Amino acid sequence: MIVQQLKKISLLISLICLGLGVFAQKVVQPAITDPNWSRPYPPFQIAGNLYYVGTYDLACYLITTSQGNILINTGIADSAPVIKANIEALGFKFKDIKILLTTQAHFDHMGAMAAIKKLTGAKMMVDAGDVGVVTDGGRSDYSLSGDVSTYVPVKVDRILHNDDVIKLGNMRLIMLHHPGHTKGSCSFLFDVKDQKRSYRVLIANLPTIVTDRKFSDIPSYPNIAQDYAYTLNAMKKLSFDIWLASHASQFELQRKHKPGAGYNPDAFIDRKGYDSEINDLQNEFLKKVKGK
Ligand SMILES: [Zn+2]
């Protein structure tokens, strides 16, 4: 009798462990080597209803609408309270976030996503190419070793494809599939208005190369070279007034805006800077394809 009960209990325990194993993946965030990733930065209004709410280098964007707000990117795991404080300092409610987006499913943009989703109940919308990595917290990322998650996995509520439109209130964001950096890296294109004029804004995910391996040595991403070539070509053709990026350093936020400076959307009108970034990335890509 006792033996049978013990057997039952041990079976129950193994079932519980199995059940937990499905959800509780081991999460190990890589060491943060750049202090600017967690360094606070005063939030500010970029243009119209678009605001910067990220850290010194990890760009996070808030787009406000009459029907709630959209948050793009979250920084690393402990950025959640930083972003919340930034949003509240601007006079908005954290709980008004209804839609969560990411420009690429790496831990430096997804680290606090699960926590923010839990706190706000917002819907996570992800480029089809990154759905797998978002769901396993980066474990299946082609550029990583694959034995641990680098951020807490997030449930995907809507899968996005190239040119899909994300609607909230009077806002319409177009998602542009820009794969390579991750399989589902993407950019967002939309219009914002102030009393003076309207601005076409591009939040660009620049296709930097993350892998040290030869492109031909990545069996889990056989189309990587074609994807980078596609993305570079597509990004060259985009039209916009203002451009921003996943990292503040990529679009030289620190040079264009000083903390506490007044409202000045024109500071982010910089086609030349964008073209020069894309040109550098094109050269890096060609070197990679030829060289190694
Ligand atoms: Zn990345």
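Order of listing sets the numbers, starting from 1, for every ligand and every atom in it. Just so it is clear, the model here is predicted, and its values are computed rather than measured. Values reported hereafter were calculated over all heavy atoms of this structure, with side chains retained and with hydrogens, waters and symmetry mates removed.
- Salt bridge status for Lys117 with Asp157: present, with a side-chain N to carboxylate O gap under 4.0 Å.
- Cation-pi geometry between Lys183 and Tyr221 is met: under 6.0 angstrom from the ring centre, within 45 degrees of the axis.
- Put simply, CH2 on Trp243 and CE on Met235 are 8.0 Å apart, with the number rounded to the nearest 0.5 Å.
- The side-chain contact (heavy atoms from CB on, under 4.5 Å) test with Ser38 singles out one residue from Val82, Thr55, Ile76, and that residue is Ile76.
- Considering only heavy atoms from C-beta on, Thr103 comes within 4.5 Å of Ile203 through its side chain.
- Screening Asn73, Thr208, Asn205, Thr182 against Gln104 for a side chain to side chain donor-acceptor pair (under 3.5 Å) leaves a single residue, Asn205.
- For the Zn ion (ligand 1), protein N/O/S neighbours under 2.8 Å (waters excluded) are Gln104 OE1, His106 ND1, His181 NE2.
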